[in-house]
Amino acid sequence: CTGKAARDMFHTVLAKETTTEEEEEGNNIKVLNYAPGALETDMAEELINCNVLDKDLHNFYVTSKRDKTAIMPQDSADLLLTILMND
């Protein structure tokens, strides 16, 4: 959670500072903070089977798999490419 919060804050500040400074200079720079959520990976499977993982985090991965809300990596990559190509 701390790493995600730090990344979110970094990108928020970067976007604000870059937008202000670059617009003054006539440049158009965009900042993208892409966080697709839980991905269905081998690592996620290992976390589901881990017996020393934080209970809430373990439940998150178990629920994501059970409810089929975890995203396939290829679907995430396709979505990111669509965002990049359309912006």
Side-chain angles (χ1 to χ4, degrees):
C1 292
T2 303
K4 182 180 181 302
R7 186 197 67 225
D8 289 345
M9 181 56 71
F10 171 78
H11 283 93
T12 298
V13 171
L14 180 64
K16 184 174 182 174
E17 289 179 354
T18 301
T19 299
T20 303
E21 293 171 8
E22 299 302 323
E23 283 179 351
E24 290 172 0
E25 296 176 9
N27 297 319
N28 185 15
I29 296 176
K30 296 180 181 180
V31 176
L32 173 64
N33 182 9
Y34 182 74
L39 296 176
E40 192 171 317
T41 63
D42 292 341
M43 183 183 89
E45 191 65 36
E46 287 184 32
L47 292 173
I48 289 169
N49 297 318
C50 181
N51 60 1
V52 295
L53 189 64
D54 173 75
K55 182 180 177 183
D56 291 335
L57 190 55
H58 181 262
N59 288 339
F60 170 78
Y61 281 101
V62 169
T63 302
S64 294
K65 181 172 182 163
R66 182 193 67 216
D67 297 345
K68 300 184 187 303
T69 56
I71 301 167
M72 295 301 296
Q74 186 62 50
D75 293 339
S76 177
D78 291 344
L79 176 59
L80 178 57
L81 285 174
T82 298
I83 291 168
L84 294 172
M85 298 299 288
N86 290 325
D87 193 20

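The figures that follow rest on heavy atoms only: side chains count, while hydrogens, waters and symmetry mates do not. Small disclaimer: the values here were computed from a predicted structure and weren't measured.
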What is the distance from atom CE of M72 to atom CG of D78, rounded to the nearest 0.5 Å? 11.5 Å

Test item: S76 and L39 side chains (from C-beta on) under 4.5 Å apart, heavy atoms: yes

Of all heavy-atom pairs between H11 and V31, which one has the smallest distance, and what is that distance? CD2-CG1, 3.7 Å

When rounded to the nearest 0.5 Å, the distance separating NZ of K55 from CG of N59 is 6.5 Å

Considering all heavy atoms of both residues, which atom of T69 and which atom of T63 are nearest to each other, and what is their separation? OG1-O, 4.4 Å

Shared hydrophobic cluster for L79 and M85 (ILVMFWY, side-chain gaps under 4.5 Å): no

Of the non-hydrogen atoms in A35 and R7, which two are nearest, and what is the gap between them? CB-NH2, 3.1 Å

Are Y34 and L84 grouped together when hydrophobic residues (ILVMFWY) are joined by side-chain heavy atoms under 4.5 angstrom apart? yes

Does the side chain to side chain contact (heavy atoms under 4.5 Å, CB included) test come out yes or no for N33 and T12, once each step is laid out? CA-CA 8 Å; N33 182 9; T12 298; 5.8 Å; no

If you count every heavy atom of other residues, nucleotides or ligands that lies below 6.0 Å from D42 atom CG, does the total exceed 12? no

Cationic N near anionic O, under 4.0 Å, E45 to K65: yes

State the OG1-OH distance between T41 and Y61, to the nearest 0.5 angstrom. 7.0 Å

Following the transitive rule for hydrophobic clusters with a side-chain heavy-atom cut-off under 4.5 Å over Ile, Leu, Val, Met, Phe, Trp and Tyr, establish whether L32 and L81 coincide in one cluster. no

Let me see the working for L47 and F60 under side chain to side chain contact (heavy atoms under 4.5 Å, CB included), right down to the final yes or no. CA-CA 10 Å; L47 292 173; F60 170 78; over 6 Å; no

